[in-house]
There are 2 protein chains.
Amino acid sequence: MPGKTDLSKLNCSLARTLGAVGDWWALLIVRDAFLGLTRFSEFQRSLGVARNILSARLDSLAKAKILAREGTTTRPRYVLTEKGRAMLPVLVAMTQWGDTWQSKGRPPVLLTDASGRPIELMQVRNDAGLIVTAGTIRFRPGPGASPDTRKFLKSLPDK
Amino acid sequence: MPGKTDLSKLNCSLARTLGAVGDWWALLIVRDAFLGLTRFSEFQRSLGVARNILSARLDSLAKAKILAREGTTTRPRYVLTEKGRAMLPVLVAMTQWGDTWQSKGRPPVLLTDASGRPIELMQVRNDAGLIVTAGTIRFRPGPGASPDTRKFLKSLPDK
DNA sequence: CTGTATCCTTAAAGATACTG
DNA sequence: CAGTATCTTTAAGGATACAG
């Protein structure tokens with residue numbers, strides 16, 4: 001987008017995640033990688049995205065170390081790195097939200113483990129395993145907090 | 001973006017989620033709503049986004065029922081709906097990924113519960129509580145699967 | 001304070017032709 | 001097959017002025 005603010009500069013891990021992934025296409029490519037697609041043409045067919053766009057996204061995902069090129073240079077396979085595989089909770093959480101709120105309870109795709117057992121609904125929990133909700137979650141400055149972040153968090157209305 | 005494909009038409013809950021949220025700005029607005037911001041000007045200051053853009057995003061989030069306008073029409077407060085609050089796992093998963101992979105282990109913000117207990121790292125689990133990884137997750141057609149989706153899933157290389 | 005209305009700029013998406 | 005190189009289009013984003 002024109003004059004787009006560099007999200008990665010915001011002192012916020014969420015913004016950094018958004019900046020690293022790039023855009024929706026990138027996320028859908030990652031999803032396809034989880035599905036087992038590895039070839040340029042496979043992504044292209046699956047997503048129907050223009051080749052130049054796909055090329056650029058694959059490049060940026062490779063630069064971000066989310067995907068790695070394997071095999072020959074002329075016909076590489078794109079495979080998830082550890083960093084890429086670590087995105088599974090993000091994709092599953094997004095998919096489950098879509099299943100619940102955007103698919104009228106009729107999900108197009110079911111997620112299971114290798115034995116066909118269903119995936120549990122993801123929930124936020126504290127270190128004792130208790131569920132944390134929007135009402136009980138809190139945000140505190142961390143070790144990487146900038147002065148601005150500290151000030152901002154202090155200015156928040158205490159919930 | 002120009003000529004942007006309508007992601008919401010892809011028979012995929014992830015794409016529908018992306019379509020509903022709209023873009024990165026929308027997700028950051030939702031994050032701010034979790035932080036407790038409710039006013040137009042608060043979002044504006046926090047994100048530094050142009051007023052017309054913010055206005056459009058708030059509108060589309062309200063249309064998507066993720067935010068609700070409360071109070072007066074002239075000076076509404078924007079608050080998360082149940083649908084919006086249900087996005088917490090998505091935001092936390094994204095934040096945790098950023099903390100781990102984009103913040104060199106020095107997260108700017110720590111997530112806790114109301115008592116200050118840390119949030120656990122989110123993981124994908126099956127219905128027996130066992131962790132499911134990129135290697136063991138599977139995708140099967142669901143009740144809402146289109147013929148295309150079924151064909152596509154069948155064509156995948158069995159992992 | 002909370003927007004709406006313009007105008008402008010620019011980058012992102014698509015189409016397409018071409019190359020190794 | 002896997003891209004690269006152009007070209008065009010168009011809509012998203014920013015700035016700013018104005019309104020209720």
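Each chain gets a letter, A, B and so on, in the order its sequence line appears, and its residues count up from 1. These numbers come from a predicted model, not from an experiment.
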Visitor: Rounded to the nearest angstrom, tell me the gap between atom CG in A/L58 and atom P in C/dA13.
Guide: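 Distance, rounded to whole Å: 13 Å.
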
Visitor: D/dG13 C1' sits how many Å from B/I29 CD1, rounded?
Guide: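 So the two atoms are 13 Å apart, to the nearest Å.
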
Visitor: For DNA chain C, which residues in residues 41-57 of chain B have a heavy atom at a distance below 4.0 Å?
Guide: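 Residues of residues 41-57 of chain B that come under 4.0 Å of DNA chain C are, in numerical order, B/S41, B/R51, B/N52, B/S55.
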
Visitor: Does OP1 or OP2 of C/dG3 have a side-chain N or O of B/Y78 closer than 4.0 Å?
Guide: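 For C/dG3, OP1/OP2 do have a side-chain N/O of B/Y78 under 4.0 Å.
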
Visitor: Quickly work out the B/L37 CG to C/dT2 C1' distance and round it to whole Å.
Guide: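 Rounded to the whole Å, the gap is 16 Å.
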
Visitor: Identify the two heavy atoms, one from A/W97 and one from A/Q102, that lie closest to each other, and give their separation to 0.1 Å.
Guide: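 Smallest heavy-atom distance, with atoms named: CZ3-CG, 3.7 Å.
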
Visitor: How long is the line joining CG of A/L61 and C1' of D/dG3, in whole Å?
Guide: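 These atoms are roughly 16 Å apart.
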
Visitor: Just to verify, what does A/R106 make a salt bridge (Lys or Arg N to Asp or Glu O under 4.0 Å) with, not counting sequence neighbours?
Guide: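 Partners of A/R106 by the salt bridge (Lys or Arg N to Asp or Glu O under 4.0 Å) criterion come out as none, since no residue qualifies.
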
Visitor: For the atom pair OH (A/Y78) and CG (A/L61), what is the distance rounded to the nearest 0.5 Å?
Guide: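 Answer for the OH-CG pair, A/Y78 versus A/L61, is 10.0 Å.
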
Visitor: State whether the side chain of B/T17 and the backbone N or O of B/S13 hold a donor-acceptor pair below 3.5 Å, judged by distance alone.
Guide: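 Judged by distance alone, yes, a pair lies under 3.5 Å.
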
Visitor: Whole-Å distance between C/dA12 P and A/D23 CG?
Guide: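 For the pair A/D23 CG and C/dA12 P, the rounded distance is 9 Å.
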
Visitor: Tell me whether A/E42 contacts the main-chain N or O of A/T38 through its side chain, where contact means a donor paired with an acceptor under 3.5 Å.
Guide: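 It does hold such a pair.
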
Visitor: So, B/R140 versus A/T112: side-chain donor-acceptor pair below 3.5 Å or not?
Guide: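 Side-chain D/A pair, B/R140 to A/T112: absent.
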
Visitor: Working to the nearest 0.5 angstrom, can you tell me the gap between B/L153 CG and B/R138 CZ?
Guide: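 Taking CG in B/L153 and CZ in B/R138, the distance rounds to 13.0 Å.
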
Visitor: Can you tell if the side chain of A/I119 reaches within under 4.5 Å of the side chain of A/Q96, non-hydrogen atoms only?
Guide: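 A/I119 reaches A/Q96 side chain to side chain.
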
Visitor: Atom CH2 of A/W24 to atom P of D/dA11: distance rounded to whole Å?
Guide: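 Atom-to-atom, A/W24 to D/dA11, this comes out as 19 Å.
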
Visitor: At a heavy-atom distance below 4.0 Å, what parts of residues 63-72 of chain B sit against DNA chain C?
Guide: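 Listed by number, there are none.
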
Visitor: Between A/K104 and B/G144, is there a donor-acceptor pair closer than 3.5 Å when you use the side chain of the first and the backbone of the second?
Guide: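 Such a contact is absent between A/K104 side chain and B/G144 backbone.
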
Visitor: Please report the distance, rounded to the nearest Å, between CZ in A/R77 and C1' in D/dG3.
Guide: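 Interatomic distance, CZ of A/R77 to C1' of D/dG3: 18 Å.
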
Visitor: Once you round it to whole Å, what is the distance between P of C/dT2 and CG of B/D59?
Guide: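 These atoms are roughly 15 Å apart.
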
